[in-house]
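Take a look at the structure below.
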Amino acid sequence: MKMQDKIPYEPKDIEKKWQDVWEKNNLYKSEIDKTKTKMHVLDMFPYPSGEGLHAGHAKIFGASDIYARMKRMQGFNVLKVQGYDAFGLPAEQFAIKNKVNPKISTKKNTENFERQMRRLGLSYDWSRSVNTTDPKFYKWTQWIFKQLYKDGLCFESHEPINWCPSCKTGLANEDLEDGKCERCGSVVEKKPIRQWVIKITDYAEKLLSGVDNLNWKESIKEMQRNWIGKSEGAEIDFRLSTSQTFTVFTTRPDTLFGCTYCVFAPENKLVEELLNNNLINNGNEVKKYILEVKDKSEIERTSSGKEKTGVKLEGVFAINPANQKEVPVYIADYVLNNYGTGAIMAVPAHDERDFEFAKKFDIEIIELEKFEDKNEIVKKVGGKMVTKYKLRDWVFARQRYWGEPFPIVFDENHNPFVVADSELPVILPDVESYEPTGDGESPLKNIQEWVEVNGKINSEGEFESDENGKIFYRETNTMPQWAGSSWYWLRYMDPHNDQEMVNKEIEKYWGDVDIYLGGMEHATRHLIYGRFWNQFLFDKKIISTPEPFKRLEAVGLVLGEGGMKMSKRLGNVINPDDIADIFGVDTLRLYIAFAGDYHDDYTWDTKAIVGPRRFIERVWNMQYKIQTPPSLPSIEEGNSSPNIKLTTLLHQTIKKVSNDYEKLQFNTAVAQMMTFINAYDKNENIDLESYKTLLKLLAPICPFVTEEIWESLTPALSIGEGAMQSIHQEEWPKYDELQTIDKVVNIAIQINGKLRDTFSIATDSPDVEVLEVAKNREQYKKWVGEVEPKKIIVIKNKIVNVVL
RNA sequence: GCCCGGGUGGUGGAAUGGUAGACACGAAGGACUUAAAAUCCUUUGACGCAAGUUGUGUGGGUUCGAGUCCCACCCCGGGCACCA
């Protein structure tokens, strides 16, 4: 090719062109194909915020896109869909502030997100996209809740929420500052509100044992185990001097003889009973303490570094069932009512927190010389061995507008009934005002024509509408944002099915998620809830695998320039559109891939983007150095031939890039391609096959520019009507292990562990030969001299260490 | 506080217990140019003219050899159940 034929690299034209061509050719549409192995690549779906996509999204979605593109080229049938987790607080608060129906702002935001993601060349099958706020989707969220309900896994309960008495609204923990309302500064109370609770604890054991078989990072598995928090212990009954009994939970029944006091959680029902019956001499002091504790957070209460607080219940003793000894009874905030039994036997000599407490309150400390046999002592005092979990039941209700309505109605006596399938979806109605009612109920409560519904209970015991039936009242709580995100990926498999949440045969083909990418902040809750629903659906034989996510990859944050978390307030949010405008999408994708390990946080640095851009331009310009016909390196040219070195480097590069992509270590894969180019580009001519290999390796990260060059290399094959030959449909390069081995290696000489010299020698030379060469080196003679070494260690292809 | 991560040049970051700093950004010098940009070449952890010394948060330890393993500590990030 002549110089004047060179076309400069113009990302804007290229990127628009290929985005359209790919979409017209349905390049990323997924269909069941039983001749291929399926590969479900899943991103944690975004909440479509008004700010649009930020750099963190580009990092997560980019990672899975690179992975999915490689997998397609490797012959897998990839399912890759994106959806929107669009219920939730920000849309609602926007609605309250601007009096706009969240449907409208959500639609706008969603469209913007999709435009941005298309522009980034993310290879989603958009025909399968879902939105949790779409009645066609939440019909099935409600349906799953119904199955849980019918299985007895849901119950009503009055659970405390943070209540701001002056704003007259419930607050999220996030909205608190030092126990005060972030907005108005009032002291926040705990107010019990009627809620729906799902018995996730019934699945504690399954959730725990399921962790073992997951191909997840050990640290995240450990976080899941700790969240579930299984502990084996005993429940032992104690009698009070006032004749009531209570049960303590202890993991150390063997220390029962060391128990010198007992502690109740301040909220414990028995304390209330004792107070009501005036059995506590210092009742006022106790009441005062209970009030103080009411507004403390759990973190505050259980922090072991903090000074212990509590109040002795004067006039009340507990009797240790092991030795009938009377011990004092306290209430203290370090005992939680929702863990164990809300009461403990305290053994200060053998428990750190009990020890701190006992020291402060001057309670007897009995050091035990021998421990009892756990089972025997429990049997002797009439207790029983039990298993407890830290995992708590799931408060599954919000007193807000923008969430899925429950498929539940009540009769006039507040007896709940689940609605019949024909009633689904229960549509979220439009309201005048999005503010919660002044008594903490959802705004739905005020829509009489929605709440009141005439109907009857059918033979299944389910509610059916009937104009002539009696009045029922709809549940006005809505579901938390967790609901839709606990099963959305299943819907990707069969998104338009209006008969089932997912067809069994279809679900069987796509099966579990092969790789799930998302933020570390979801390592416990989202993943526990998702696993729970999935296990439940498996038990109901609705789906075919018990665990939803075969492999999980936690992707680190992108921090703003200056190393702070990106936030609107700090003004350091990076919008991918802006970067794409200046440098092009391929450069943006390459920059993000190259900036650091995907699993770690990294700091955005706009200045550093020129590096990736320069790299792409070098690749671009290399197409004008292609030599025809290609010259293949010949073996006869020997070890020192630059062609042999390049061939080795080519095979090393295919190997490293393939392995690194598989592990999502894109930064080192890119570094390897840069190394390859640095060596290759020194030559006057480039051989076509090696260049095409490089383009294929780069294609998952830079889909546009590689496609453009590919087209110019193989013009006859491209853009045919409906039958384009895209680089993204090419076969992934293969390498030959033997060809990856360097012919020559560098050996380091260490004298007493210090590096003194290096030399090169044929790979796999025998130790004696290596040593012989080493001994004749100047540096060796200089540092060793005539001294007889104590020991010489030779590590093949690496090092010679001489110990003097 | 508890659980899970992390700490390496001016910067982002590489390193199956075996030559610390790959790759890139930045910087300095040079080539090309009337000039600038772009591009190319050279240098670039620190100290030192050099030989060399020193260096992966801190202090100990194991080892022929430690960024990597062990112990103690300091600092930073994520999670702690109504942000999701």
Side-chain angles (χ1 to χ4, degrees), chain A residues 44 46-47 85 87-90 159-162 170-176 193 195 200 217-227 229 297-306 334 338 353 390-395 397-400 480-482 485 519-526 528-529 554 556-557 559 563 565 591 594-597 599-605 607-612 614-615 617-618 621 665 667-675 678 746-758 782 789-793 795-804:
Chain A
M44 288 186 189
Y47 171 79
D85 189 18
F87 276 127
L89 213 47
E159 299 289 331
I161 63 165
N162 300 310
L171 297 174
N173 286 341
E174 204 192 33
D175 300 329
L176 307 186
I193 291 266
Q195 312 262 23
I200 189 173
K217 243 169 100 181
E218 202 47 50
S219 60
I220 296 177
K221 287 164 76 166
E222 197 57 25
M223 283 164 84
Q224 291 254 318
R225 290 191 190 103
N226 292 339
W227 186 267
S297 75
E298 265 174 41
I299 296 173
E300 258 180 280
R301 287 177 57 167
T302 54
S303 293
S304 45
K306 274 187 110 165
Y334 78 97
N338 52 17
R353 288 170 310 171
K390 281 212 188 75
L391 183 71
R392 291 181 220 157
D393 282 328
W394 180 9
V395 178
R398 299 291 184 267
Q399 298 70 49
R400 298 206 180 98
Q481 203 177 345
W482 302 113
S485 63
M520 190 66 185
E521 66 273 24
H522 298 292
T524 43
R525 283 191 288 169
H526 165 58
I528 286 271
Y529 296 148
L557 298 171
L559 303 172
K565 210 168 168 171
Y591 167 72
F594 183 55
D597 190 317
H599 303 93
D600 298 336
D601 294 349
Y602 54 65
T603 305
W604 184 269
D605 181 9
K607 282 205 306 278
I609 299 175
V610 295
R614 287 206 273 253
F615 173 76
E617 297 212 11
R618 282 180 79 178
N621 289 327
Q665 286 166 358
N667 56 336
T668 48
V670 172
Q672 180 67 31
M673 288 189 275
M674 287 173 166
T675 303
N678 286 343
N746 281 321
I747 304 286
I749 301 179
Q750 289 187 343
I751 313 291
N752 282 338
K754 276 196 201 300
L755 178 70
R756 295 302 177 190
D757 195 15
T758 62
K782 175 182 166 185
K790 280 199 194 111
K791 198 173 174 185
I792 297 178
I793 295 128
I795 306 292
K796 204 167 218 53
N797 297 330
K798 294 258 158 87
I799 213 160
V800 176
N801 192 9
V802 183
V803 186
L804 298 179

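In the text below, chain A, chain B and the rest are named by the order of the sequence lines, each starting its count at 1. Just so you know, these numbers use all the heavy atoms, side chains as well, and skip hydrogens, waters and symmetry mates.
Checking B:rG18, B:rG13, B:rU54 against the side-chain heavy atoms of A:Tyr602 singles out B:rG13 as nearest. Distances from the side chain of A:Ile793 to the nucleotides B:rC64, B:rA81, B:rC82 place B:rC64 closest. Distances from the side chain of A:Met520 to the nucleotides B:rC82, B:rG78, B:rA20 place B:rG78 closest. Comparing B:rC4, B:rA15, B:rU54 against the side chain of A:Ser219 picks out B:rC4 as the nearest. You'll find that the side chain of A:Trp227 is closest to B:rA81, out of B:rA81, B:rU39, B:rC83. Closest to the side chain of A:Asn173, out of B:rA81, B:rG5, B:rU39, is B:rA81. Which of B:rC25, B:rA81, B:rA51 sits closest to the side chain of A:Lys782 comes down to B:rA51. Which of B:rC64, B:rG13, B:rA24 sits closest to the side chain of A:Lys791 comes down to B:rC64. Nearest to the side chain of A:Lys798, among B:rA81, B:rC64, B:rU16, sits B:rU16. Proximity note for A:Asp605 (side chain, C-beta onward) versus B:rU11, B:rG13, B:rA81: the nearest is B:rU11.
To the nearest whole angstrom, the two P atoms, one in B:rG60 and one in B:rC47, are 25 Å apart. B:rG48 and B:rG61: their P atoms are spaced 31 Å apart (whole Å). With both ends at atom P, the span from B:rG12 to B:rC82 equals 37 Å, rounded to whole Å.
To the nearest angstrom, C1' of B:rC83 lies 13 Å from OH of A:Tyr529. Taking atom CG on A:Leu171 and atom P on B:rC82, their separation rounds to 14 Å, with Å as the unit. Rounded to whole angstrom, the span from the CG atom of A:Asp601 across to the C1' atom of B:rC4 amounts to 13 Å. Atom CD of A:Gln672 is separated from atom P of B:rA15 by 12 Å (rounded to the nearest Å). Going from atom CG of A:Leu755 over to atom P of B:rU53 covers 11 Å, rounded to whole Å. Atom CG of A:Asn746 and atom C1' of B:rG18 are 14 Å apart (whole Å).
Contacts of A:Arg756 with the nucleic acid, taken as non-hydrogen atoms under 4.0 Å apart, involve only primed sugar atoms and P, OP1 or OP2. Residue-level contact check: A:Arg614 touches the backbone only, with heavy atoms under 4.0 Å from sugar-phosphate atoms and none from bases. No contact: A:Ala523 has no heavy atom under 4.0 Å from any strand. Among the heavy atoms of the strands lying under 4.0 Å from A:Thr675 are primed sugar atoms or P, OP1, OP2 only; no base atom is included. Within the nucleic acid shown, A:Val802 has no heavy atom closer than 4.0 Å to any nucleic acid atom. Among the protein residues, A:Leu391 comes within range of the nucleic acid bases, having at least one heavy atom under 4.0 Å from a base atom.
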Show your working on salt bridge (charged side-chain N to carboxylate O under 4.0 Å, His left out) between A:Arg225 and A:Glu222 and close with a plain yes or no.
CA-CA 5 Å; A:Arg225 290 191 190 103; A:Glu222 197 57 25; 3.0 Å; yes

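Atom CG of A:Asn162 is separated from atom CG of A:Asp175 by 8.5 Å, given to the nearest 0.5 angstrom.
In this structure, A:Asp757 and A:Lys782 have side chains that are not in contact, with every pair of non-hydrogen atoms separated by 4.5 Å or more. Between A:Tyr591 and A:Trp604 the shortest side-chain heavy-atom distance falls below 4.5 Å. For the pair A:Met223/A:Met520, a side-chain contact is recorded, criterion being any heavy-atom separation below 4.5 Å from C-beta on. Using a 4.5 Å heavy-atom cutoff, the side chains of A:Arg618 and A:Asn678 are in contact. A 4.5 Å side-chain heavy-atom check between A:His526 and A:Trp482 finds at least one atom pair inside the cut-off.
At a cut-off of 3.5 angstrom, counting only N and O atoms as typed in the model, there is no donor on one side facing an acceptor on the other between the side-chain of A:Glu521 and the base of B:rC80. Applying the 3.5 Å distance criterion, the base of B:rC3 shares no donor-acceptor pair with the side chain of A:Asn226.
Checking the phosphate oxygens (OP1, OP2) of B:rA14, a side-chain nitrogen or oxygen of A:Asn667 falls inside 4.0 Å. In this model, the phosphate group of B:rA24 is approached by a side-chain N or O of A:Asn678 to a distance below 4.0 Å at OP1 or OP2.
Classified by its glycosidic torsion, B:rG9 falls in the syn category, the angle being within 90° of 0.
Using a 30° and 60° split on the angle between ring planes, A:Tyr529 and A:Trp394 fall in the parallel class, below 30°.
In this entry B:rA66 has no Watson-Crick or G-U wobble partner, no candidate having both defining distances under 3.5 Å. Pair assignment for B:rG5 gives B:rC76, based on Watson-Crick or G-U wobble hydrogen-bonding distances that are each under 3.5 Å. In a base pair of the Watson-Crick type (N1 to N3 plus N6-O4 or O6-N4) or a G-U wobble (N1-O2 and O6-N3), with each distance short of 3.5 Å, B:rA27 is matched with B:rU43.
Each of A:Asn162 and A:Ile747 was matched to the nucleotide of RNA chain B holding its nearest heavy atom; the match closer to the 5' end belongs to A:Ile747.
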